[in-house]
Amino acid sequence: MTLSVMLTLLVINTEYSYSLVKINNIQAIEMVDHSDGGILTITLKGDKSEQIVYSEENKDIWNDAKQWLKDN
């Protein structure tokens, strides 16, 4: 999983998908660790049930994604 910002978009690239999320539509970002990696949940503004969920099973890649989010 790699995260980056292009213009006004959060770019999320995983082994299985490539997603673009408008930054001004994000209400919250939550990262939860589990034994093998972690789960990234993005809650969109408006209806709180509108969430985008990603799972990463590689602990090293997960730690890199967490560090990127902290830094940016």
Side-chain angles (χ1 to χ4, degrees):
M1 172 186 303
T2 57
L3 305 171
S4 60
V5 174
M6 276 193 309
L7 301 172
T8 61
L9 300 172
L10 173 63
V11 180
I12 303 153
N13 189 14
T14 67
E15 186 177 346
Y16 303 104
S17 68
Y18 182 80
S19 303
L20 303 170
V21 181
K22 286 178 133 181
I23 291 175
N24 62 351
N25 286 341
I26 296 174
Q27 178 175 336
I29 297 175
E30 180 180 13
M31 298 182 92
V32 178
D33 295 334
H34 61 69
S35 60
D36 296 327
I39 298 172
L40 168 70
T41 304
I42 298 173
T43 304
L44 301 176
K45 289 181 180 176
D47 185 1
K48 291 186 181 184
S49 66
E50 292 185 44
Q51 294 182 332
I52 304 168
V53 179
Y54 298 93
S55 177
E56 179 57 61
E57 300 300 324
N58 182 312
K59 195 162 195 112
D60 293 330
I61 294 172
W62 176 249
N63 288 332
D64 289 344
K66 284 193 325 184
Q67 187 61 45
W68 182 90
L69 194 62
K70 288 178 186 177
D71 293 344
N72 295 288

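Atom set for the values below is all heavy atoms of this structure, side chains included, hydrogens, waters and symmetry mates excluded. Being a predicted model, the structure only gives us computed values, none of them experimental.
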Exactly one candidate in I26, V21, I12 meets side-chain contact (heavy atoms from CB on, under 4.5 Å) with I52; the answer is V21
Working note: D36 + W62, criterion side chain to side chain contact (heavy atoms under 4.5 Å, CB included); need CA distance, chi angles, decisive distance, verdict. CA-CA 9 Å; D36 296 327; W62 176 249; over 6 Å; no
Of all heavy-atom pairs linking H34 and K59, the shortest is O-NZ, 3.8 Å
Q67, CD: over 12 other non-hydrogen atoms inside 6.0 angstrom: yes
Supply the atom-to-atom distance K70 NZ to M31 CE, rounded to the nearest 0.5 angstrom. 9.5 Å
So CG of D71 and CG of D64: to nearest 0.5 Å the spacing works out to 10.5 Å
Can you list the steps and then say if E15 with I61 is a side chain to side chain contact (heavy atoms under 4.5 Å, CB included)? CA-CA 11 Å; E15 186 177 346; I61 294 172; over 6 Å; no
From the options T41, T43, L69, select the one residue that forms a side-chain contact (heavy atoms from CB on, under 4.5 Å) with I29. L69
Which pair of non-hydrogen atoms, one from M1 and one from L40, has the smallest distance, and what is that distance? SD-CD2, 4.0 Å
When every non-hydrogen atom of I23 is compared with those of L10, the smallest separation belongs to CG1-N, 3.8 Å
Is it true that, when you exclude K22 itself, more than 12 heavy atoms of the residues, nucleotides or ligands shown sit nearer than 6.0 Å to its NZ? no
